[in-house]
**Q** 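Mind having a look at this structure? Questions to follow.
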Amino acid sequence: METHFQLEETIDAEWYLNQIDHDKWIDYKNLTDKSSGYYGISLMQKENSSTPELDSLSVFADDDSKVNIIREDIPEGFKHFLKLFTVPISKARLAKITSKGLLPPHIDTGYEEITRLHWPLQTNDKSYWHWYENKKRIDTLHLKSGFGYAMNTNVMHSVQNKGMLDRIHLILNVDMSYNRLLTNRDSIGKTITSIS
């Protein structure tokens with residue numbers, strides 16, 4: 001079972017990390033009680049939203065049918081990054097899992113036609129992504145800073161940060177199924193313009 005693949009596209013993780021306004025983190029426990037030490041910053045919002053700071057932050061399925069637009073109040077570097085994509089983005093956010101934080105095993109239901117792309121901006125060697133089959137762990141991945149990854153979140157997965165350094169990822173949901181993206185992985189550069 002395919003769980004992930006690494007993209008050819010890389011980014012300057014430290015440069016993007018320095019763009020983050022760390023006063024804007026929103027605690028996910030206000031949205032879900034299924035995680036610990038999990039925070040987000042929304043980079044996109046629903047058109048005409050009255051609470052843009054909460055848009056795009058939901059970890060699990062919600063209504064992606066409304067138009068999503070890039071937030072005006074985010075740093076220019078992230079605006080530029082999001083404008084490089086040639087496929088529609090239904091969500092974009094920054095996600096932080098603090099030291100000893102956990103996102104327990106779950107499946108992102110309702111996202112069968114969505115693939116989640118991750119670019120770690122800050123990580124440590126004790127931060128892990130796990131996949132499960134029949135409630136048994138089948139794969140574990142440590143994502144390297146600056147590299148992009150397509151993640152199959154239709155398979156049960158969890159995230160653990162056992163290290164002392166917070167794990168911060170840039171996360172996008174692109175409107176293409178994981179299997180379709182996997183099939184086209186050799187020509188992904190034609191789907192997503194160069195971002196290095």
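Nothing here was measured: the structure is a model prediction, and the numbers come from that model. One is the number of the first residue; the rest follow in order along the sequence.
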**Q** Compare all side-chain heavy atoms of T3 with those of L141 and state whether any distance is below 4.5 angstrom.
**A**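 In short, these two side chains do not touch, never coming nearer than 4.5 Å.
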**Q** Are the side chains of N154 and E112 in contact, using a 4.5 Å heavy-atom criterion?
**A**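 A side-chain contact exists here, since the closest heavy-atom pair is under 4.5 Å.
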**Q** In sequence, state the C-alpha distance, the side-chain angles, and the governing distance for S90 and D175, and then conclude on side chain to side chain donor-acceptor pair (under 3.5 Å).
**A** CA-CA 6 Å; S90 54; D175 295 351; 3.2 Å; yes
**Q** Going by the ring pair (Phe, Tyr, Trp, His ring centres under 6.0 Å) test, name the single residue among Y16, F147, F81 that passes it with W119.
**A**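 Only one of Y16, F147, F81 forms a ring pair (Phe, Tyr, Trp, His ring centres under 6.0 Å) with W119, namely F81.
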**Q** So, does N152 use its side chain to make a donor-acceptor pair with the main chain of E2 at under 3.5 Å?
**A**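 A pair under 3.5 Å: yes.
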**Q** I138, L103: one ILVMFWY side-chain cluster at the under-4.5 Å cut-off?
**A**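 Both belong to a single hydrophobic cluster.
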**Q** Would you kindly confirm whether W15 and L94 end up in one hydrophobic cluster when ILVMFWY residues are joined by side chain heavy atoms under 4.5 Å apart?
**A**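 Both belong to a single hydrophobic cluster.
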**Q** Could you go step by step and tell me if I168 and L17 meet the side-chain contact (heavy atoms from CB on, under 4.5 Å) rule?
**A** CA-CA 8 Å; I168 299 175; L17 189 64; 3.8 Å; yes
**Q** When rounded to the nearest 0.5 angstrom, what distance separates NZ in K100 from NZ in K162?
**A**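 So the NZ of K100 and the NZ of K162 are separated by 9.0 Å.
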**Q** Would you check if there is a donor-acceptor pair between the side chains of D166 and N161 at a distance under 3.5 Å?
**A**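 Absent: no donor and acceptor within the cut-off.
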**Q** Hey, what do you get for CD1 (I26) to CZ (R93), rounding to the nearest 0.5 Å?
**A**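 Answer rounded to 0.5 Å: 12.0 Å.
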**Q** When you measure from the side chain of S158 to the backbone of P104, do you find a donor-acceptor pair of N or O atoms at a distance under 3.5 Å?
**A**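 Such a contact is absent between S158 side chain and P104 backbone.
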**Q** For I74 versus R71, what's the shortest heavy-atom pair and its separation?
**A**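 Nearest heavy atoms, I74 then R71: CG1-O, 3.3 Å.
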**Q** Return yes if a side-chain donor-acceptor contact under 3.5 Å exists between Y39 and T98, otherwise no.
**A**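 Note: Y39 and T98 side chains miss the donor-acceptor criterion.
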**Q** Take I114 and K91 through the side-chain contact (heavy atoms from CB on, under 4.5 Å) test and state the conclusion after the steps.
**A** CA-CA 10 Å; I114 299 290; K91 285 189 180 181; over 6 Å; no
**Q** Distance from I89 atom CD1 to I69 atom CD1, nearest 0.5 Å?
**A**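 So the CD1 of I89 and the CD1 of I69 are separated by 13.0 Å.
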**Q** Do F5 and Y128 share a hydrophobic cluster (ILVMFWY, side-chain heavy atoms under 4.5 Å, transitive)?
**A**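 Result: no, two separate clusters.
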**Q** Hydrophobic clusters here meaning ILVMFWY residues chained together by side-chain heavy-atom distances under 4.5 Å, can you tell me if I97 and L165 are in one?
**A**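 Result: no, two separate clusters.
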**Q** Per the ring pair (Phe, Tyr, Trp, His ring centres under 6.0 Å) rule, which among H106, H118, H4, H130 passes with H157?
**A**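 Passing option: H106.
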**Q** Working to the nearest 0.5 angstrom, can you tell me the gap between H22 NE2 and I41 CD1?
**A**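 If we round to the nearest 0.5 Å, H22:NE2 and I41:CD1 are 7.0 Å apart.
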**Q** Can you tell me if T115 uses its side chain to pair, donor with acceptor, with the backbone of V174 under 3.5 Å?
**A**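 Side chain of T115 to backbone of V174, a donor-acceptor pair under 3.5 Å: no, none is there.
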**Q** Quick one, N68 and E47 - any side-chain contact, counting heavy atoms below 4.5 Å?
**A**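 Contact flag for N68/E47 side chains = no.
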**Q** Between P75 and Q19, what is the shortest heavy-atom contact and its length?
**A**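 The answer is CG-O, 3.0 Å.
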**Q** With a 4.5 Å cut-off on side-chain heavy atoms, are V155 and D139 touching?
**A**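 When only atoms from C-beta onward are counted, V155 and D139 do not touch, as no gap falls below 4.5 Å.
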**Q** Which atom pair, heavy atoms only, marks the closest approach of S99 to M164?
**A**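 Where S99 meets M164 most closely, the heavy atoms are OG-CA, 3.4 Å.
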**Q** Hey, could you give me the CZ/CG distance between F78 and L43, rounded to the nearest 0.5 Å?
**A**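 One gets 6.5 Å once the value is rounded to the nearest 0.5 Å.
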**Q** Taking all non-hydrogen atoms of both residues, which atom of Q160 and which atom of L102 are closest, and how far apart?
**A**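 Nearest heavy atoms, Q160 then L102: CG-CD1, 3.5 Å.
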**Q** What is the minimum heavy-atom distance between R116 and Y111, and which atoms define it?
**A**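 Heavy atoms of R116 and Y111 come nearest at NH2-CE1, 3.9 Å.
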**Q** Restricting to non-hydrogen atoms, name the atom on Y178 and the atom on A150 that form the minimum distance, rounded to 0.1 Å.
**A**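 For Y178 versus A150, the nearest heavy atoms are CE1-O, 3.8 Å.
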**Q** Quick one: pull up CG in N124 and NE2 in H142 and give me the separation to the nearest 0.5 Å.
**A**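 Atom-to-atom, N124:CG and H142:NE2 are 7.0 Å apart.
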